[in-house]
Amino acid sequence: MPVEQHSDPFEDRLGAALRQAGHTFHPDGAALAAAGHARGRRLRLRRRAAVVGGAAGLALVGVGGVMILPGDGSQEQEQRSAAAGPTAKASPTPAPRPLSRFEMIRTLQELLPEGKVSDTDARGTNEELPPYARVVFDDGKGAASLSMSLDRIAPGSDRAREIAECPDKVLTPYDSCSTSRLADGSLLKIFQGYEYPDRRVDTKLWTADLVTPDGQYVTVSEWNAAAEKDAPISRPNPPLSKAQLKELVSAGVWRQAVDAMPEDTGQPDPSVTDTAAPGADGDAIRRTLTDLLPKGVEAVAKGGQETEYAYLVVDDGKGRSFVQINVQPDMRDVAGDLYGSGSETLPNGTRVTIRQGPGEKAGSGVVMWTADTMRADGMRVVISALNAGDQSSDATRATPALTIEQLREIALSPKWDELA
């Protein structure tokens with residue numbers, strides 16, 4: 001996930017495209033957010049990550065978020081790629097069924113098991129923004145927040161693929177995640193994880209995401225508390241089982257409601273052009289980082305995203321250490337936010353800032369060391385290392401496997417200029 005040093009994960013939390021808000025990485029940090037949000041091109045690129053990065057900002061989204069990388073092999077056996085398996089011929093689409101705010105809540109309530117519904121909120125299919133319904137549901141075992149939302153998505157698009165993929169477990173810890181293809185060709189993902197990836201509060205988040213061959217997108221989220229955040233845990237688990245989540249998210253009425261949503265007739269403004277340089281290839285970033293590792297430091301796991309971001313889990317014989325890097329084109333417009341009075345400017349115009357502090361998203365005793373650099377042409381290379389094997393676990397060693405000097409040397413390597 002792109003590293004936005006001191007950044008809030010972009011709005012969409014991976015939920016309504018990632019609760020969707022990011023959706024997508026779980027707020028953290030505080031500075032580059034304004035910059036990232038101001039730059040539409042980076043928002044578009046960073047939509048592709050699903051996890052929240054660690055401190056100093058190597059982060060992107062979220063809550064059960066969707067990384068474009070395959071996981072570490074720990075995902076359940078039933079997970080299949082979006083392209084796998086035969087696709088059943090879809091049956092004729094039922095007529096659209098508009099739902100008012102009241103009908104959204106009533107329909108959701110009718111599809112839930114027996115229990116009490118309270119604190120309702122909703123938006124109907126005839127409104128400008130996508131419809132949703134949110135309730136507090138109590139089946140007699142404790143109150144739980146439960147929400148669902150509807151949207152359209154381009155079939156076969158990157159976003160559709162990402163939604164259907166389980167997140168990288170190194171970046172987003174979870175208990176269970178599986179994907180499958182239904183008989184009508186729809187892609188279904190069932191995720192059981194946590195509201196906070198670092199588990200600072202043990203609020204559980206379970207979700208179901210459904211993308212149909214016609215581009216109807218339905219997502220359901222449930223928690224084991226009466227609110228997503230800042231509410232005491234009221235029950236051991238969210239109320240709906242995997243089977244019940246599947247039944248709820250795949251109910252035909254939601255697909256009919258999506259079809260009743262107003263068409264988006266907005267056309268792009270031809271006078272607005274995107275002249276931003278494309279982000280560096282994620283695989284190339286990872287390979288370059290691997291090549292630049294000092295002698296005696298071995299990469300034991302790897303991952304990243306399609307552009308701008310990559311990570312390695314390295315081991316120098318003293319335990320695992322998480323290392324992540326971002327390579328971003330022309331960030332001169334936010335240089336003032338990133339490089340203050342304590343930064344260094346080299347003779348060639350490159351600016352350098354070194355940060356050492358606690359890991360914002362990590363467990364007990366975790367520290368993060370960061371070398372943040374920007375070339376004269378605005379290309380930013382920022383690399384961080386933690387004294388743990390991932391961004392959520394407790395420290396497993398006294399210091400990161402890479403020293404500040406080694407991080408600085410990697411960030412300033414001329415090899416990064418070859419990726420521009």
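Remember, predicted model here, so these are calculated numbers, not experimental data. All values below come from the heavy atoms of this structure, side chains included, with hydrogens, waters and symmetry mates left out.
- Among the candidates Pro113, Pro238, Pro239, the single residue satisfying the side chain to side chain contact (heavy atoms under 4.5 Å, CB included) test with Gln244 is Pro113.
- Here Tyr311 contributes atom OH and Leu171 contributes atom CG; the two are 5.0 Å apart, rounded to the nearest 0.5 Å.
- In this structure, the side chains of Leu289 and Ile383 come closer than 4.5 Å at one or more pairs of heavy atoms.
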Problem set entry | Lys242 and Ser176: CA distance, side-chain angles, deciding distance, side-chain hydrogen bond (donor to acceptor under 3.5 Å, both in side chains) verdict | CA-CA 10 Å; Lys242 291 181 182 180; Ser176 172; 3.0 Å; yes
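- Here the shortest heavy-atom pairing between Tyr174 and Thr172 reads CD2-O, 3.0 Å.
- Using a distance-only test at 3.5 Å, with no hydrogens or angles considered, a donor-acceptor pair links the side chain of Asn387 to the main chain of Gly365.
- The two residues Thr396 and Arg320 make their nearest non-hydrogen contact at OG1-O, 3.6 Å.
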Problem set entry | side-chain hydrogen bond (donor to acceptor under 3.5 Å, both in side chains) between Asp372 and Thr370, worked out | CA-CA 6 Å; Asp372 191 342; Thr370 299; over 6 Å; no
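- Counting only distance, with no hydrogens or angles, the side chain of Asp151 and the backbone of Tyr217 share no donor-acceptor pair below 3.5 Å.
- Put simply, the side chain of Thr212 reaches to within 4.5 Å of the side chain of Arg255, judged on heavy atoms.
- A side-chain donor-acceptor contact under 3.5 Å links Glu222 to the backbone of Leu240.
- The backbone N or O of Ala401 lies less than 3.5 Å from no partner atom in the side chain of Lys318, so there is not a single donor-acceptor pair.
- Residues Glu344 and Arg408 are paired through a salt bridge, judged by an N-O separation under 4.0 Å between the basic side chain and the carboxylate.
- A heavy-atom distance below 4.5 Å is not found between the side chains of Leu187 and Thr179.
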For this session: Apply side-chain contact (heavy atoms from CB on, under 4.5 Å) to Val323 and Leu293, showing your working.
Result: CA-CA 10 Å; Val323 179; Leu293 289 177; 5.7 Å; no
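- The shortest non-hydrogen separation linking Leu407 to Ala385 is CD2-CB, 4.1 Å.
- With rounding to the nearest 0.5 angstrom, the CD atom of Gln328 is 9.0 Å from the CD1 atom of Ile285.
- Within a 6.0 Å radius of CD in Glu409, other residues, nucleotides and ligands contribute 12 heavy atoms or fewer.
- No donor-acceptor distance shorter than 3.5 angstrom exists from the side chain of Arg286 to the backbone of Leu312, with no hydrogens or angles considered.
- In this structure, Ile233 CD1 and Glu195 CD are separated by 11.0 Å, a value rounded to the nearest 0.5 Å.
- In this structure, the side chains of Trp416 and Ile410 come closer than 4.5 Å at one or more pairs of heavy atoms.
- Atom CD1 of residue Ile354 and atom CD of residue Glu405 lie 8.5 Å apart, to the nearest 0.5 angstrom.
- Without hydrogens or angle criteria, Asp214 side chain to Gln216 main chain gives no donor-acceptor distance under 3.5 Å.
- A donor-acceptor contact shorter than 3.5 Å links the side chain of Trp254 to the backbone of Leu248.
- When the salt bridge (charged side-chain N to carboxylate O under 4.0 Å, His left out) test is applied to Glu127, the partners found at least two apart in sequence or on another chain are Arg101.
- Under a 3.5 Å cut-off, the side chain of Ser321 and the backbone N or O of Leu386 do form a donor-acceptor pair.
- Using a 4.5 Å cut-off on side-chain heavy atoms (C-beta onward), Arg375 and Val381 make contact.
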For this session: Verify side-chain contact (heavy atoms from CB on, under 4.5 Å) between Thr399 and Val367, making sure each step is shown before the conclusion.
Result: CA-CA 7 Å; Thr399 60; Val367 296; 5.6 Å; no
Exercise. Passes side-chain contact (heavy atoms from CB on, under 4.5 Å), Leu112 versus Leu146? Steps please.
Worked result: CA-CA 10 Å; Leu112 290 174; Leu146 192 149; 3.9 Å; yes
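- Smallest separation of non-hydrogen atoms from Arg235 and Gly142: NH1-O, 2.7 Å.
- Here the rule is side-chain hydrogen bond (donor to acceptor under 3.5 Å, both in side chains) with Lys204, and of Asp175, Asn237, Asn224 only Asn237 fits it.
- Rounding to the nearest 0.5 angstrom, the gap separating the CG atom in Asp121 from the CZ atom in Arg134 is 4.5 Å.
- Within the model, atoms OG of Ser392 and CZ of Phe322 stand 9.0 Å from one another, a figure rounded to the nearest 0.5 Å.
- Across every non-hydrogen atom of Val211 and Ala160, the tightest pair is CG1-CB, 4.2 Å.
- Side-chain contact between Val253 and Leu111 is present, with heavy atoms from C-beta onward closer than 4.5 Å.
- Between Pro130 and Leu150 the shortest heavy-atom distance is CB-O, 3.2 Å.
- Side-chain contact between Val382 and Met331: absent, with no pair of heavy atoms (C-beta onward) separated by less than 4.5 Å.
- Exactly one of Val334, Leu338, Asn326, Asp330 qualifies for a side chain to side chain contact (heavy atoms under 4.5 Å, CB included) with Arg380. That residue is Leu338.
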Exercise. Could you go step by step and tell me if Met368 and Arg355 meet the side-chain contact (heavy atoms from CB on, under 4.5 Å) rule?
Worked result: CA-CA 8 Å; Met368 173 179 270; Arg355 302 185 183 92; over 6 Å; no
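- In this structure Asp119 satisfies the salt bridge (charged side-chain N to carboxylate O under 4.0 Å, His left out) test with no other residue, sequence neighbours excluded.
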For this session: Report the C-alpha distance between Thr219 and Asp209 in whole Å, list the side-chain angles of each, state the deciding distance to 0.1 Å, and finish with yes or no for side-chain hydrogen bond (donor to acceptor under 3.5 Å, both in side chains).
Result: CA-CA 4 Å; Thr219 180; Asp209 292 278; 2.9 Å; yes
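- Under the 4.5 Å side-chain criterion, counting only non-hydrogen atoms from C-beta, Gln305 is in contact with Thr307.
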